[in-house]
Each structure stands twice: as structure tokens, then as C-alpha cells.
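Each remark here refers to the structure printed beneath this line.
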Amino acid sequence: MPPTDPASPLHLTELGPLREAVAGWRRAGESIVLVPTMGALHPGHLALVAHAKAIGRRAVVSIFVNPTQFGPSEDFSRYPRDVAADLALLAGAGADAAWTPDVAAMYPQGFSTRIEVAGLGEGLCGAYRPGHFSGVATVVTKLLNQVRPDIALFGEKDFQQLQVIRRAVRDLDLAVEIRGVPTIREADGLALSSRNRYLGPEERLVAPRLQAVLARIAAALGEGAEAGRLLQEGIRELEAAGFNPVQYLELRDAETLERVERPVRPARLLAAAYLGRTRLIDNVAV
Ligand code: AMP
């Protein structure tokens, strides 16, 4: 047998071997943390892996570009995929296993179950991406059942997704703890995203304005200003910078995601906007 690099994660593509590996770790009393991803890994993902290694013994990273969370006119077919590069990054990050199931194994002939998180999954991105959060909740429930981790980590970058998953896990009594991890950003404030590679050079210069507008509004809200006028001005500023369309810029309760006018309880300012063909999302705490 060729020597194996001790830093390489186990690369698991079938459910049986995945379950055997996890069962072995469990028998040894080791805790397991799952980081679900769609691959095209960047330092934002790797921060989740580092966090997983800091809080648990074994970090399992799933890589699955989930077709059911993409709309018919969205970027499923052109979504960046590079498993070899991802595996090299995961080795550097100290991940213990990469779980990369294929679509046919995840959704065998006759697959017919879906999880809907009503309310939380309907507004904001859900209004513009019908079926998206149902696709996310369904695939994440499957991943949680496949790996059975103690803890699963999700980025606050996708804040609505994090809240949808928290709710699904609570509602379905899934035996896992869901934790959010703060957004990792470029030096100029742009939230890292696999989709940033779609941005042209000019768009890349404009993209950080999204975070800048959110940060400025959040600061004003923190000083007691009302949301209505600030949000209208923010939308106009983003449009003037070249975002088109600005799908939403809204202040929501951080847990229920209901619209709020003032941040009495912890709130979240969330936005989604197109820059050319690229849809960017971001959010900040208020
Ligand atoms: P994705 O591959 O885009 O589905 O993302 C996989 C996980 O990484 C999700 O939980 C994301 O919220 C998280 N994530 C993506 N980008 C970032 C970022 N810039 N900072 C922190 N977490 C992120």
C-alpha cells in the first residue's frame, strides 16, 4: 500500500463507509462536528472547519452542490466545482473526513420527501428563490441523519438559512446542536462567497458597498434612528452604486425574522442585490 498522507481527510463517497468511519470515532468516544458546504471552498468555509476542530475531536465536511435548492434559472450547472482543490484545502485545515455523495445517491429514483419551514423560509431570499429553503432544509436534514454529528456549524453569512435550520432541527427533535459562525470578509468588507468569482474586476470594486451600506445603517439604528427612511436611502445608494435590482434591504428580528421598525430585541439587517449577473447577499447584527 502506498503511504498515505496523515493530514489528508478520509474521502468518503458512499454512505456505508461514512457510517463506518463515524461509528468508529463514536466507539472511541470522540465528538463529531459537521460542516455542510457546496464546495468551491474559500477561507470562510475553512474558518468553519477551524471552529469545528476547536470545539470537537472530528470534523466532517460535506461537499454537495444540492440541485433542489437552485431554481430553474439559477446557477446550478455553472456553480464552481473543484473537489481536488477542496480536498487539498481540507487537508491543510485539518478536516478528518470529506463526505461527497453524488446526486443519484442523495436523491434516488422515487425520492419524494420535502421539509418546508413555513414563515421563516418564505420572506427575504425565500420570496425570490421559491423552494430554496425547502431544498436546503431537506438536504441538511439528510446530511445530519447521514453523519449524526454532535454539532453542526453554519455561517452567519447565510443568516436566514441558519435560522431556518435551527427551526427545522428544533421542530423535528433532531439530536444535534446547531451553531452559527461569524462571517469572514475580505479586507475591504466583502463577505467571502463562492459566487464572488463570478464578479468582473469593476464589479469586484463595487461589491463591498453592500456591506458598507449595511454597516452604516446598523450604526444609525443603534443610535435610535427609525428604520424606514434609512432603508429607503440605503436602497437608493446601492442602486446608484450599480446594484440592480436590489431585491431587499430589511431590518428583521434576529430569531423570528419578522419585520421590525426598531431593534428592541436583537435584530438583523439583511440585503440581497444583483451586481451584473451575480447575486450577492449579506447581513449584519443590529
Ligand atoms: P456554501 O458552500 O455557500 O453552501 O456555504 C457552506 C457554509 O459556509 C454555510 O454554512 C455558509 O453560511 C458558510 N459560509 C459561506 N461563506 C462564509 C463566510 N464568508 N463566512 C462564514 N461562513 C461562510
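If you're wondering where the values come from, they're calculated on a predicted model, not measured in any experiment. Read the numbers this way: they start at 1 and go in the same order the structure lists the ligands and their atoms. Computation of the quantities below employed the complete heavy-atom set of this structure, encompassing side-chain atoms and omitting hydrogens, waters and symmetry-equivalent molecules.
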(message) Using every non-hydrogen atom in the two residues, find where Arg26 and Glu30 come nearest and quote the distance to one decimal.
(response) NH1-O, 3.7 Å

(request) Only pairs at least two apart or in different chains count here, so list each ring-ring contact (aromatic ring centres under 6.0 Å, His included) that has a residue in residues 79-134. (result) Phe70-Tyr79, Tyr107-Phe111

(message) Is it the case that ligand 1 has an N or O less than 3.5 angstrom from some N or O of Ala191?
(response) no

(message) I need the full list of ring-ring contact (aromatic ring centres under 6.0 Å, His included) pairs touching residues 25-45, with sequence neighbours left out, sorted by first then second residue.
(response) His42-His45

(request) With rounding to the nearest 0.5 Å, note down the distance linking CG in Leu120 to CD1 in Ile165. (result) 11.5 Å

(message) Would Phe154 count as being in polar contact with ligand 1, using the rule that some N or O on each side must be under 3.5 angstrom apart?
(response) no

(request) Test the Arg78-Tyr198 pair against the cation-pi criterion, namely NZ or CZ under 6.0 angstrom from the six-membered ring centroid and within 45° of the ring axis. (result) yes

(message) Tell me whether Arg185 reaches ligand 1 (any heavy atom closer than 4.0 angstrom to a ligand atom).
(response) no

(message) So that I can tick it off, tell me whether Arg81 and Asp86 are bridged by a salt bridge, with the cut-off set at under 4.0 angstrom between side-chain N and carboxylate O.
(response) no

(message) Distance under 4.0 Å to a non-hydrogen atom of Thr37: what atoms of ligand 1 satisfy this?
(response) 2 (O), 6 (C)

(message) If the cut-off is 4.0 Å to any non-hydrogen atom of Leu192, which atoms of ligand 1 fall inside it?
(response) 16 (N), 17 (C), 18 (C), 19 (N)

(request) Decide whether Gln232 and Arg229 meet the rule of one side-chain donor and one side-chain acceptor closer than 3.5 Å. (result) no

(request) For Gly155, counting its heavy atoms only, list the atoms of ligand 1 lying under 4.0 Å from any of them. (result) 9 (C), 10 (O), 11 (C), 12 (O), 13 (C), 22 (N)

(message) Nearest 0.5 Å, please: how far is CD1 in Ile63 from OG1 in Thr37?
(response) 5.0 Å

(message) For ligand 1 and Asp158, I'd like to know whether there is a polar contact (N/O to N/O, distance under 3.5 Å).
(response) yes

(request) Answer yes if the side chains of Arg195 and Thr278 hold a donor-acceptor pair under 3.5 Å, and no otherwise. (result) no

(message) Whether the Arg279 and Gln247 side chains hold a donor-acceptor pair (N or O, under 3.5 Å, no angle test) is what I'd like checked.
(response) yes

(request) For atom 23 (C) of ligand 1, grab the closest protein heavy atom and report residue, atom and distance to one decimal in Å. (result) Lys157 CB, 4.0 Å

(message) What I want to know is whether Ile184 and ligand 1 share at least one N or O pair that is separated by under 3.5 angstrom.
(response) yes

(request) Would you mind listing which atoms of ligand 1 come within a distance below 4.0 Å of any non-hydrogen atom of Pro182? (result) 21 (C)

(request) Using non-hydrogen atoms of the residue, decide whether Pro43 is closer than 4.0 angstrom to ligand 1. (result) no

(request) Could you tell me whether some N/O pair between Glu156 and ligand 1 is separated by less than 3.5 angstrom? (result) no

(request) Give the single entry among Gln161, Met38, His45 that approaches atom 4 (O) of ligand 1 most closely by any heavy atom. (result) Met38

(request) Name the closest protein heavy atom to atom 7 (C) of ligand 1, giving the residue it belongs to and the distance to 0.1 Å. (result) Pro36 O, 3.5 Å

(request) Identify the protein heavy atom lying closest to atom 22 (N) of ligand 1, giving its residue, its atom name and the separation to 0.1 Å. (result) Leu48 CD1, 3.4 Å

